[in-house]
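Accompanying notes for the structure given below.
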Amino acid sequence: PTSCNGAPDENTKPAGKMPALQGPMTNPAAGLQRLPAFNPYLNRTAITNDRDFFGRRRELATIFSRIDAATPQSVSIVGERRVGKSSLLRAVLRQHAAFLRGPDAFVFVHLDLLEKTHADVPRFFASLMEEIARACRDSSIAEQPATYENLRRLVVELERSRLKLV
């Protein structure tokens with residue numbers, strides 16, 4: 001397939017290179033990428049299985065290129081409800097080793113703030129420290145009192161160890 005200027009279109013992949021999709025297909029006569037007629041991101045929960053997560057490779061590459069840059073950049077995931085933001089973030093957690101040059105230099109934590117809507121500040125710090133402890137495989141982190149000062153010290157220690165907290 002080509003773009004409107006006649007050059008190969010890098011965003012359109014032949015159907016033979018796509019993973020096998022199940023369900024009704026749209027525009028089956030076209031030789032272009034075939035997409036399911038349903039939106040997998042309209043689930044009630046985020047997609048947690050990589051087999052069901054597709055169509056976001058460009059977004060993943062952009063996120064990881066910013067995280068893995070010489071001077072890392074922050075990334076914001078913004079969009080309407082039910083377009084797959086949480087699924088994308090969960091894919092970042094699952095797939096970071098495949099995208100990053102040095103995945104061991106990163107500490108990825110997942111903190112679902114919807115689950116913590118009624119938590120006070122100390123509980124927030126405790127949850128964050130528990131997630132960092134889990135990611136670092138160091139239970140002693142979560143045993144520290146959940147204070148701002150202890151969290152700050154933990155982040156400084158990660159930086160001294162040349163670990164990037166994501």
Side-chain angles (χ1 to χ4, degrees), residues 1-119 123-124 127-137 155 158-159 162-166:
T2 60
S3 64
C4 57
N5 66 4
D9 185 352
E10 62 188 47
N11 296 321
T12 305
K13 297 179 179 116
K17 292 186 179 178
M18 291 291 293
L21 301 175
Q22 298 177 5
M25 299 293 178
T26 59
N27 197 6
L32 302 176
Q33 175 178 340
R34 294 183 181 146
L35 299 175
F38 64 93
N39 183 342
Y41 303 103
L42 290 176
N43 274 337
R44 296 188 61 84
T45 61
I47 292 172
T48 57
N49 186 328
D50 284 334
R51 185 194 61 198
D52 298 326
F53 183 83
F54 56 89
R56 301 291 175 92
R57 186 147 182 91
R58 182 183 309 165
E59 288 86 350
L60 284 170
T62 299
I63 290 168
F64 286 117
S65 71
R66 292 184 178 162
I67 291 171
D68 205 15
T71 303
Q73 303 170 11
S74 58
V75 178
S76 297
I77 310 296
V78 181
E80 295 180 26
R81 292 182 74 233
R82 307 250 184 250
V83 295
K85 298 180 299 293
S86 294
S87 297
L88 179 61
L89 289 173
R90 289 176 187 261
V92 166
L93 286 169
R94 289 189 312 272
Q95 298 181 22
H96 68 273
F99 282 87
L100 297 171
R101 290 174 289 167
D104 293 337
F106 294 86
V107 176
F108 280 82
V109 297
H110 176 259
L111 188 61
D112 188 342
L113 296 178
L114 284 177
E115 294 175 0
K116 312 288 185 209
T117 55
H118 300 293
R123 188 66 216 145
F124 170 77
S127 296
L128 186 52
M129 290 172 73
E130 288 167 7
E131 287 300 312
I132 294 170
R134 184 195 53 73
C136 292
R137 296 184 176 112
V155 171
L158 290 172
E159 289 173 352
R162 297 196 171 288
L163 293 172
K164 299 173 186 173
L165 182 60
V166 180

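- Between the CZ atom in F106 and the CZ atom in R162 there is a gap of 13.0 Å [rounded to 0.5 Å].
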- Message: Go through it in stages, so that I can follow the logic: the residues are V92 and F99, the test is side-chain contact (heavy atoms from CB on, under 4.5 Å), and I'd like the CA-CA distance, side-chain angles, deciding distance and then a yes or no.
- Response: CA-CA 9 Å; V92 166; F99 282 87; over 6 Å; no

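- Scanning all heavy atoms of the two residues, the minimum distance from D104 to L163 falls at O-CD2, 3.4 Å.
- Proximity of H110 to L89: side-chain heavy atoms (C-beta onward) are nowhere separated by under 4.5 Å.
- Side-chain contact check for V75 versus E59: every heavy-atom pair is 4.5 Å or farther apart.
- One distance of note links CG of L88 with CD1 of I63; it measures 4.0 Å at 0.5 Å rounding.
- Two residues are said to be in side-chain contact when any heavy atoms from C-beta on lie closer than 4.5 Å; L158 and C136 meet this criterion.
- The pair R123-E130 meets the salt-bridge criterion, since a charged nitrogen lies less than 4.0 angstrom from a carboxylate oxygen.
- Remark: D52 CG to I47 CD1 distance equals 6.0 Å, nearest 0.5 Å.
- With values rounded to the nearest 0.5 angstrom, L113 atom CG is found 9.5 Å from L128 atom CG.
- In this structure, CG in D68 is found 11.0 Å from NE2 in H96, a value given to the nearest 0.5 Å.
- The shortest heavy-atom contact between K164 and A69 is NZ-O, 4.2 Å.
- How far CD1 of I77 is from OG of S87: 11.5 Å, rounded to the nearest 0.5 Å.
- Nearest heavy atoms, L60 versus F53: CD1-CE2, 3.8 Å.
- Taking both residues in full, the closest heavy atoms of N49 and R94 are given as C-NH2, 4.2 Å, listed atom of the first, atom of the second, then distance.
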